[in-house]
Amino acid sequence: EATRWRVVVVVGLGSFLSNTASSCLMTCQALWLKEVFGWTSLHFGFVMMATSVLGLTLRTLAYDWLQRKLGLMRCASFGALLSTAAYTGYSLV
């Protein structure tokens, strides 16, 4: 089967943009937490660690079930929708 380069480019570009947004978000979160609450990088590290553990737990426990229920593409679209909602919510704070 031939490689669908258009799909590869779109997914690659989406991944790049998502990672860039995530990096900007982490930087802004750290600066915001320091300004508003006086948190240090240690406090922010604990927040990021807890977020990572929660995300890993949800991916481990829920992803297979959700993918079987919705199918691969709908599951990926649902994940992208949730990420978009999260980034939008962060920007409103």
Side-chain angles (χ1 to χ4, degrees):
E1 184 173 319
T3 303
R4 297 180 187 174
W5 288 108
R6 184 174 181 180
V7 173
V8 171
V9 169
V10 168
V11 170
L13 181 62
S15 178
F16 172 76
L17 293 174
S18 177
N19 287 330
T20 302
S22 181
S23 298
C24 293
L25 173 66
M26 284 188 272
T27 302
C28 290
Q29 280 178 331
L31 295 171
W32 182 78
L33 288 172
K34 181 177 174 119
E35 179 68 26
V36 173
F37 300 112
W39 285 17
T40 65
S41 58
L42 179 65
H43 295 107
F44 185 64
F46 284 132
V47 169
M48 294 305 292
M49 184 177 63
T51 303
S52 296
V53 169
L54 178 65
L56 181 62
T57 302
L58 287 174
R59 286 182 188 106
T60 302
L61 299 177
Y63 181 74
D64 286 336
W65 175 82
L66 192 59
Q67 184 180 345
R68 281 192 308 259
K69 271 300 216 207
L70 299 177
L72 180 60
M73 293 308 291
R74 285 186 180 155
C75 186
S77 298
F78 183 64
L81 179 66
L82 289 178
S83 295
T84 301
Y87 288 142
T88 301
Y90 287 137
S91 69
L92 297 176
V93 171

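The first residue in the sequence is number 1, and the count goes up from there.
The backbone N or O of Ser18 lies less than 3.5 Å from no partner atom in the side chain of Ser22, so there is not a single donor-acceptor pair.
In terms of the ring-ring contact (aromatic ring centres under 6.0 Å, His included) criterion, Phe16 has no residue partners (sequence neighbours excluded).
In this structure, Val8 is not a member of the same hydrophobic cluster as Val11, with clusters built from ILVMFWY side-chain heavy atoms closer than 4.5 Å. With hydrophobic clusters built from ILVMFWY side chains whose heavy atoms lie under 4.5 angstrom apart, Trp32 shares a cluster with Met48. Connection of Phe78 to Trp65 is established within a shared hydrophobic cluster, with ILVMFWY side chains joined at heavy-atom distances below 4.5 Å, either directly or through further cluster members. Both Phe37 and Val47 are members of a single hydrophobic cluster when ILVMFWY side chains are connected at heavy-atom separations under 4.5 Å.
Distance check: Cys28 SG to Leu33 CG gives 11.0 Å after rounding to the nearest 0.5 Å. Between the CG atom of Asp64 and the NZ atom of Lys69 there is a distance of 14.0 Å, given to the nearest 0.5 Å.
Between Leu66 and Tyr63, every side-chain heavy-atom pair lies at or beyond the 4.5 Å cut-off.
Between Leu70 and Cys75, the closest heavy-atom pair is CB-N, 4.1 Å. Across all their heavy atoms, Phe44 and Met26 have their closest contact at CZ-O, 3.4 Å. Nearest heavy atoms, Leu56 versus Thr60: O-OG1, 2.7 Å.
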